[in-house]
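Written out below as C-alpha cells is the structure these notes cover.
Quick note: residue numbers are just sequence positions, from 1.
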Amino acid sequence: MEYVTRKHGVTSAMVAKAFVVACVINLAGCTDSDISKVKGMKFEPDPSYTVGQAFDHRSVCDAVTWDTIKDDRGRKIVEYRCSFKGVKDYIQSTEEAHLKEMNSNAQVLKNAYLANIKTLQDNLAQRQKTLADDQARLVQTDTGASNQQDQEVQKLNDQIAILQSGDIDKIATTPLDPSASLGIAASCYTDPQQNPAVKKHCEDVLRQEIPRAIGALKQQLNYDTATGQRNQADLQAGLKISMNAENQQISDYQQKLGKMTSGKDAFFASIDNELKQQSTHPNPIVEVDEVFQWSVGDSGDPVLVYAGTEAKHQDGTAKDQAYGDAEAALVLIAKNNATTFVQYLQQFSAQSVMDFVRN
C-alpha cells in the first residue's frame with residue numbers, strides 16, 4: 001500500500017523518508033531548538049493548539065518521542081513518533097480469529113471430501129441394486145414368458161383337439177379363439193327351441209366349418225408362438241443392454257470410490273499441513289508507531305515531508321506505510337477520539353488494519 005503525502009507542494013514520493021541517523025548537535029547542526037520550532041507552530045486543523053500541544057497529548061499513544069535526525073540528502077529533520085496503544089492485544093485477537101476461520105475452512109473441505117465418498121457409495125449401491133433387479137427380471141421374463149406361451153399353446157391345441165374329435169355337441173359349446181369362431185351356426189345348433197330341421201342344417205354347417213376353424217387355430221398358434229419368441233428376445237436384449245450399462249457404471253463408481261478412499265488420509269494431511277503453515281503469521285507485528293517528519297531549514301517555517309506509520313515485526317524488521325492524505329491524519333489528531341491504533345486506522349480504512357496484521 002503506497003500513499004503519497006502532499007503538504008506545501010512537497011510529496012513523500014519526491015522526498016524519501018529520512019534515515020534514522022541521530023544528529024550530534026555540535027556536528028550535524030541539529031538542536032533542541034529545531035524541535036521547539038516545530039512544536040511551537042500553530043496546528044492548522046485547530047489553530048487553538050500548537051503542534052506540540054496537539055501531538056503530545058493523544059489518547060491513542062502509549063508513548064510520544066521527538067528526535068532530530070538527518071535524511072540521506074543531508075537535510076535536518078525533526079521526527080515525531082507515537083507508539084500506538086493496544087497493538088499486541090489486537091494482533092493476538094486477530095490471529096485467534098484467523099486461526100478459527102482457517103480451522104473452519106479446513107473442516108468444510110474435509111466434510112466435502114467425506115460427502116463425496118458417501119455420494120459415491122450411495123450411487124454404487126443404487127447401481128448394484130438396479131443390476132440385481134434386471135438380473136431377476138431377466139430370469140422372470142424367461143420363465144414367465146415360457147409359462148405363458150406354454151399356456152397359450154396348450155389352449156389352442158386343446159381347441160384343435162376338440163374340433164378334430166367330431167363331437168358336434170362339444171364343438172358347439174366350446175369357446176374358441178376369435179380366429180376360429182363358428183359364429184351363428186354354433187348358437188343355432190345349441191338353441192333348445194330351434195326347429196329340428198333348422199338344427200340339422202346348422203349341424204351340417206358346423207361340420208363344414210370344422211376344417212376351416214382347425215386351419216385358423218393352427219395359423220394363430222404359429223403366429224402367437226413366433227410373436228412370443230420375438231417379444232421375449234427383444235425384452236431380454238433390452239435387459240442385457242441395461243445390465244451392461246449398469247456394470248460399466250458400477251466399475252466407474254468402484255474406481256472413483258477406491259481412489260478417493262485410498263487418498264483420504266493424504267488429502268486430510270495436506271489440509272492439516274497447510275493449516276499449520278498458515279495458522280500463525282511467521283513474523284507478526286509487535287509494535288506500530290505513527291511517524292511525522294518536518295524538514296527544518298536555517299530560515300523559514302519547518303515543512304512537513306512525511307506522514308505515515310511504521311510497523312515493527314518480531315524479527316526486528318520494520319515496514320513503513322505513508323499516508324495518502326496527511327491532512328486527514330492531522331484532522332484525526334485534532335479530534336483525538338481514538339484510544340487504540342485499530343480505532344485510529346479504521347477511521348482511514350478498515351483494509352489498512354488488515355494490511356498491517358497479515359503483511
Exercise for the section: Look at the side chain of Asn273 and the backbone N and O of Ala269, then say whether any donor-acceptor pair between them is shorter than 3.5 Å. Expected result: no
Practice task
Would you kindly say whether Asp158 and Gln154 are connected by a side-chain donor-acceptor distance under 3.5 Å?
Solution key: yes
Problem - Donor-acceptor under 3.5 Å (Gln159 side chain, Asp177 main chain) - result: yes
Exercise for the section: Determine, step by step, whether Gln249 and Leu131 satisfy the side chain to side chain contact (heavy atoms under 4.5 Å, CB included) criterion, reporting the C-alpha distance in whole Å, the side-chain angles of both residues, the deciding distance to 0.1 Å, and the verdict. Expected result: CA-CA 10 Å; Gln249 287 187 332; Leu131 177 62; over 6 Å; no
Practice task
Establish, from distance only, whether the side-chain atoms of Tyr253 and Gln128 form a donor-acceptor pair under 3.5 Å.
Solution key: no
Practice task
Evaluate the salt bridge (Lys or Arg N to Asp or Glu O under 4.0 Å) criterion for residues Asp133 and Lys129: first the C-alpha distance (whole Å), next the side-chain angles of each, then the deciding distance (0.1 Å), finally the verdict.
Solution key: CA-CA 6 Å; Asp133 290 344; Lys129 181 180 183 303; 3.1 Å; yes
Practice task
Kindly check if the number of other-residue, nucleotide or ligand heavy atoms within 6.0 Å of CD (Gln53) is above 12?
Solution key: yes
Exercise for the section: Compare all side-chain heavy atoms of Lys39 with those of Thr50 and state whether any distance is below 4.5 angstrom. Expected result: no
Handout entry: Asn283 side chain to Gln314 backbone, donor-acceptor under 3.5 Å
Key = yes
Handout entry: Thr317 side-chain N/O to His313 backbone N/O, donor-acceptor pair under 3.5 Å
Key = no
Practice task
Given salt bridge (Lys or Arg N to Asp or Glu O under 4.0 Å), test Asp272 with Lys276 step by step and report yes or no.
Solution key: CA-CA 6 Å; Asp272 292 338; Lys276 183 178 180 181; over 6 Å; no
Handout entry: Test item: Thr261 side-chain N/O and Gly258 main-chain N/O as donor-acceptor pair under 3.5 Å
Key = no
Practice task
Using distance alone, with no hydrogens and no angle criterion, decide if Thr68 and Asp34 have a side-chain donor and acceptor under 3.5 Å apart.
Solution key: no
Practice task
Kindly check if the number of other-residue, nucleotide or ligand heavy atoms within 6.0 Å of CZ (Phe267) is above 12?
Solution key: yes
Problem - Nearest heavy-atom neighbours spanning Cys82 and Arg58 - result: CB-NH1, 3.7 Å
Exercise for the section: May I ask you to check whether over 12 heavy atoms, not counting those of Lys218, lie within 6.0 Å of atom NZ? Expected result: no
Practice task
Indicate the ring-plane relationship of Phe268 and Tyr113, choosing parallel, tilted or perpendicular according to the 30° and 60° boundaries.
Solution key: perpendicular
Problem - Side-chain heavy atoms of Ile69 within contact of Gln293, under 4.5 Å - result: yes
Exercise for the section: Establish whether Ile271 and Met102 are linked, either directly or via other cluster members, by ILVMFWY side-chain heavy-atom contacts under 4.5 Å. Expected result: no
Handout entry: Under-4.0 Å salt bridge between Asp234 and Arg230
Key = no
Problem - Side-chain donor-acceptor pair present, Asp122, Gln126, cut-off under 3.5 Å - result: no
Practice task
Look at the aromatic rings of Tyr49 and Phe43 and report parallel, tilted or perpendicular, splitting at 30° and 60°.
Solution key: perpendicular
Handout entry: Distance-only side-chain donor-acceptor flag, Asn337 / Gln347, under 3.5 Å
Key = yes
Exercise for the section: Using the six-membered ring wherever Trp is involved, compare the ring planes of Tyr344 and Phe84 and label them parallel, tilted or perpendicular (cut-offs 30° and 60°). Expected result: tilted
Handout entry: hydrophobic_cluster_shared for Ile250 and Ile117, side chain cutoff 4.5 Å
Key = yes
Handout entry: Spacing of CG belonging to Leu182 relative to CD1 belonging to Ile171, to within rounding of 0.5 Å
Key = 7.5 Å
Handout entry: Trace of the side chain to side chain contact (heavy atoms under 4.5 Å, CB included) decision for Ile333 with Phe292
Key = CA-CA 12 Å; Ile333 292 175; Phe292 286 84; 3.7 Å; yes
Exercise for the section: Check whether more than 12 heavy atoms from other residues, nucleotides or ligands sit under 6.0 Å from atom NZ of Lys312, and answer yes or no. Expected result: yes
Handout entry: Atom of Thr190, atom of Ser187 and distance for their closest heavy-atom approach
Key = OG1-O, 3.2 Å
Practice task
Work out which heavy atom in Pro302 is nearest to a heavy atom in Trp294; give both atom names and the distance.
Solution key: CB-CB, 4.1 Å
Exercise for the section: Mark yes or no for whether Asn103, through its side chain, and Leu99, through its backbone, hold a donor-acceptor pair below 3.5 Å. Expected result: yes
Handout entry: Transitive ILVMFWY side-chain link Leu114 to Met260, under 4.5 Å
Key = yes
Exercise for the section: State, to 0.1 Å, how close Asp71 and Arg75 come at their nearest heavy-atom pair, and which atoms those are. Expected result: OD2-NE, 2.6 Å
Practice task
Report yes or no: does Thr119 contribute a side-chain atom to a donor-acceptor pair with the main-chain N or O of Ala115 at less than 3.5 Å?
Solution key: yes
Practice task
In sequence, state the C-alpha distance, the side-chain angles, and the governing distance for Val291 and Asp320, and then conclude on side chain to side chain contact (heavy atoms under 4.5 Å, CB included).
Solution key: CA-CA 9 Å; Val291 180; Asp320 300 329; over 6 Å; no
Completion exercise
Heavy atoms of Glu287 and Ser83 approach each other most closely as OE2-OG, 3.4 Å
Problem - Same apolar cluster: Met41 and Leu304, side chain cutoff 4.5 Å - result: yes
Practice task
For the residue pair Tyr306 and Ile77, establish whether any side-chain heavy-atom pair is separated by less than 4.5 Å.
Solution key: no
Handout entry: Stepwise salt bridge (Lys or Arg N to Asp or Glu O under 4.0 Å) test for Arg207 and Glu203
Key = CA-CA 6 Å; Arg207 292 186 184 280; Glu203 179 183 349; 3.0 Å; yes
Fill in the blank from the handout: Looking only at heavy atoms, the pair that brings Val331 and Pro45 closest together is N-CG, 4.2 Å
Problem - Exam field: side chain Asp224 to backbone Val153, donor-acceptor pair closer than 3.5 Å - result: no
Exercise for the section: For side chain to side chain contact (heavy atoms under 4.5 Å, CB included), just list the numbers for Ile214 and Gln164, CA-CA rounded to whole Å, side-chain angles, deciding distance to a tenth of an Å, and then say yes or no. Expected result: CA-CA 8 Å; Ile214 292 174; Gln164 289 176 337; 3.6 Å; yes
Problem - Main-chain N/O of Val205 paired with Glu209 side-chain donor or acceptor, under 3.5 Å - result: no
Practice task
Look at the side chain of Ser242 and the backbone N and O of Leu239, then say whether any donor-acceptor pair between them is shorter than 3.5 Å.
Solution key: no
Handout entry: pair Thr130-Asp134: side-chain heavy atoms closer than 4.5 Å
Key = yes
